[in-house]
Amino acid sequence: MGFLQIASAHKAYQTPEGALVRALDDISIDVRNNEFLTLLGPSGCGKTTLLKIIAGFEDLDGGDIILEGRSLKEVPAHRRPFNTVFQNYALFPHMTISQNIGYGLDVAGVKKPDRDRRVGEALEMVGLVGYGSRRPAQLSGGQQQRVALARSLILKPRVLLLDEPLSALDRKMREAMQIELKNLQDSVGITFIFVTHDQEEALAMSDRIAVISNGRLQQLGSPTEVYDAPDNEFVANFVGTSNLFTGRIIDVDTGQGLVTMETGNGRRLCAGSRAYGLGDEVKLILRPEHLRLVDGDTPDGPCLIEGSVKDVIFVGSVVHLHVDVGFGRTAIVYHHHDRTGFRNDIEHGAHVRLAYAPDSAHLIANGRG
Amino acid sequence: MAFGKTADSRRRQGLVLLLSPVTLLLGVFFLIPLGIMIVYSFLEPGLYGGVEWNWYPYNYGRIIGWPLNDYETFEPIYLSIFLGSVKIALLTVLVSLLICYPAAFWVSRMSEPRKSFVLFLITLPFFANLLVRIYAWLLLLRPSGFINMALESLGLIAQPLDMLFSSFAVIVGMVYIFTPFMFLPIYANVEKLDFSLVRASQDLGAPPVQTFLRVILPLTVPGIAGGSIIVFIPALGNFIVPAFLGGSKVQMTGNLIERSFLQSRDWPFGAALSLLIMGSVVIIVMFQVIRSTRQNRGAA
Ligand SMILES: Nc1ncnc2c1ncn2[C@@H]1O[C@H](COP(=O)(O)OP(=O)(O)OP(=O)(O)O)[C@@H](O)[C@H]1O
Ligand SMILES: [Mg+2]
């Protein structure tokens, strides 16, 4: 039995024009106890809708939300053992920070001395000791965010729902809060369901990521699974950057677990895979950091691509190369310019040879998205 | 530093220039008349209107129940009319509040085109003359009026209800006139109420009643206070509605003032009554200002 089951959740909205928006289309996720689960997807894909349904602010059209075997369909929001950190924090402007944090306890009838003690602990937990008598408007965005966290966590919810809580913060603050949040989740031992459209944030923080697009679950897996072995083209493109080639398998070497794919233009590319057989239509995904610049001595073969450099973009730790690999295709390569001292002088128009390990190429069946 | 100062003083000069027409206007049309009123309220009434320039505190004496210096005959008739006016004004505030508060939430949830239409409807009565609108209520409320006819034909009452010329009729008329003034400030407040706060309250375990009392109500107090004051002030001094719908039975201070000036031609007494109303209004507005600055200081 799962901890929190989202069982084929369906939700459609009626737009004022009369059209039907499928915000959630048959989403099933088994949320594990104490995990940090991230809902990742582009804007408008239904992340907030799913969070609202879990919290109880919206009703399902079909499916169910089940907590430890018990359906929550008939349980109103204020009786669910979940708390939410809202995107805009939704702190009560007419209350002090302490009153905000103590709100849930106050409502639950916890007496003042006990409440004060727990509010004090919560302030300490989020590093806001001494801010208790201020009002929300007198705090910075990051501080307000911590208050929102403390206000929710003080109730010791079974699940904490976070709707893009870091999106209003600047980059430095956001990165610091990512680490803080992850550490906090480890120490309080509460399940976090975290919504973001930022794939780096998702990869950095999550135990598992649920990639959602157009109301449908695209993939559910650990960050490495989602990044290294995307289930379909959407995931490959949304999480990280991908070079994609479409073609058919023309050679299978079962002994080494190696296949060769040929694109429509006759380009041949190798990949390590045992899942596909001769004649299968596939897409081959190559991550930019898996493409290496090699010198002219390296023998030609299916694990090598040649091309000429179109753009060189210096982003600090690496150089992004846009390489024209023929037939109107551009491959993106992340080149660590100081790794070997080799070819630090790449210029526009330079001829390059790009090699990759067969196992770093990932195959997905063509036509699945 | 020096630069800042000159720029600052120049800006101040500019401001003075800009504001001088306003100051002039206020001075001529507000402060001078107010001064005249205050002076007159301490003068002896002339025989045929006007004033005699004699020190005469008995206008106020009359109001609080001791006309002249005869302390035997305490008769607070004007005071009781004043208190009656306060009561009617307060009831007007209460009733229009009970109507407008839920209505504001209802309207704020409407779709945009409907919202604009409803807001238009609310301001629509302003296009018709006030006297006509009050006269319409006279026709509605009288024994042979529309309401009684409707109730009778439905068999709900055997005899016409005597609704006209009562506090009830006055309050109905006042609520009718002042409802838009109550509605608009509350609506403006409710409209900008952040609904995610209601969600947050629910999320933190508060059932609907608690959410209302702890979050919604405190956050709409400014609108309630604003609307109440805007309704209370003109309701307290109103004389047209009681004159039409209150008949001789319901007297408000406004009627007394009107009569002192226009009928008995006792200008000083009318001035004193006016200042009584003005004084009570000033006190109430001061309360509101203190309340809202305290709140703003908290929110800033
Ligand atoms: N109340 C509503 N009425 C009609 N359509 C809605 C409503 N709420 C959401 N939608 C639609 O449902 C879809 C999913 O919305 P949702 O808010 O869940 O997106 P999201 O993934 O949270 O996006 P974002 O990252 O921008 O917050 C969108 O197409 C949105 O337009
Ligand atoms: Mg959202």
Side-chain angles (χ1 to χ4, degrees), chain A residues 14-17 48 51-52 54-58 75-97 99-110 133-139 144 147-148 150-157 159-163, chain B residues 101 104-118 185-186 188-226 288-300:
Chain A
Q14 192 88 38
T15 62
E17 297 82 47
T48 299
L51 221 56
K52 281 185 190 165
I54 298 172
F57 299 133
E58 297 267 7
V75 182
H78 67 270
R79 295 228 197 84
R80 295 193 184 188
F82 306 151
N83 286 118
T84 308
V85 175
F86 294 85
Q87 179 161 4
N88 64 352
Y89 314 141
L91 300 179
F92 303 121
H94 58 299
M95 298 182 196
T96 64
I97 299 309
Q99 285 168 335
N100 263 283
I101 295 177
Y103 186 83
L105 296 176
D106 195 5
V107 163
V110 175
S133 56
R134 291 207 197 177
R135 302 256 171 180
Q138 296 166 326
L139 297 189
Q144 290 183 27
V147 175
R151 185 176 71 170
S152 294
L153 285 174
I154 200 171
L155 297 173
K156 300 201 166 53
V159 179
L160 186 69
L161 307 166
L162 304 103
D163 192 356
Chain B
Y101 196 70
F105 280 88
W106 183 52
V107 175
S108 73
R109 299 285 193 81
M110 287 179 177
S111 64
E112 212 40 67
R114 283 190 69 189
K115 212 184 266 182
S116 325
F117 182 66
V118 171
I186 294 182
N189 193 161
V190 167
E191 178 78 304
K192 67 174 208 282
L193 184 73
D194 182 359
F195 200 75
S196 68
L197 298 177
V198 176
R199 286 243 173 81
S201 168
Q202 258 177 300
D203 187 76
L204 294 165
V209 174
Q210 292 230 34
T211 297
F212 176 75
L213 292 177
R214 289 166 182 265
V215 177
I216 300 175
L217 192 60
L219 289 175
T220 47
V221 161
I224 295 174
Q288 159 71 356
V289 167
I290 289 168
R291 193 198 61 79
S292 74
T293 45
R294 193 179 299 155
Q295 193 176 34
N296 285 343
R297 203 174 306 135

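Source: prediction; values computed, not measured. Labels below follow one simple rule: chain letters A, B, ... track the order of the sequence lines, proteins then strands, and each chain is numbered from 1. Because only heavy atoms are used, hydrogens play no part in the values below, and waters and symmetry mates are left out as well, while side chains stay in.
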Atom CG in B:Asp203, atom CZ in A:Phe82: separation rounded to 0.5 Å? 10.5 Å
Validation row: B:Pro208, A:His78 side chains within 4.5 angstrom (heavy atoms): yes
B:Leu219, part contacting chain A, at a heavy-atom distance under 4.5 Å: side chain
Measure the CE-CZ distance between A:Met95 and B:Arg214 for me, rounded to the nearest 0.5 Å. 7.0 Å
Sort B:Asp194 into side chain, backbone, both or neither according to what part of it lies under 4.5 angstrom from a heavy atom of chain A. side chain
Do A:Phe92 and B:Leu204 come within less than 4.5 Å of each other through their side chains, counting heavy atoms only? yes
To the nearest 0.5 angstrom, please state how far the CZ atom of A:Phe86 sits from the CG atom of B:Leu197. 9.0 Å
Portion of A:Arg80 that has a non-hydrogen atom of chain B nearer than 4.5 angstrom: neither
Can you tell me which of B:Arg199, B:Gln210, B:Gln202 forms the most heavy-atom pairs within a distance under 4.5 Å of chain A? B:Arg199
For B:Ser201, which atoms come within 4.5 Å of any heavy atom of chain A: side chain, backbone, both, or neither? both
Options A:Leu91, A:Leu155, A:Asp106, ranked by heavy-atom pairs under 4.5 Å with chain B, top entry: A:Asp106
Considering residues, nucleotides and ligands other than B:Arg291, do more than 12 of their heavy atoms fall under 6.0 Å from its CZ? yes
Would you mind checking which part of A:Ala108 comes under 4.5 Å of any heavy atom in chain B, side chain (CB onward), backbone (N, CA, C, O), both or neither? neither
Which atoms form the tightest heavy-atom contact between A:Ala90 and B:Ser196, and what is the distance? CB-OG, 3.6 Å
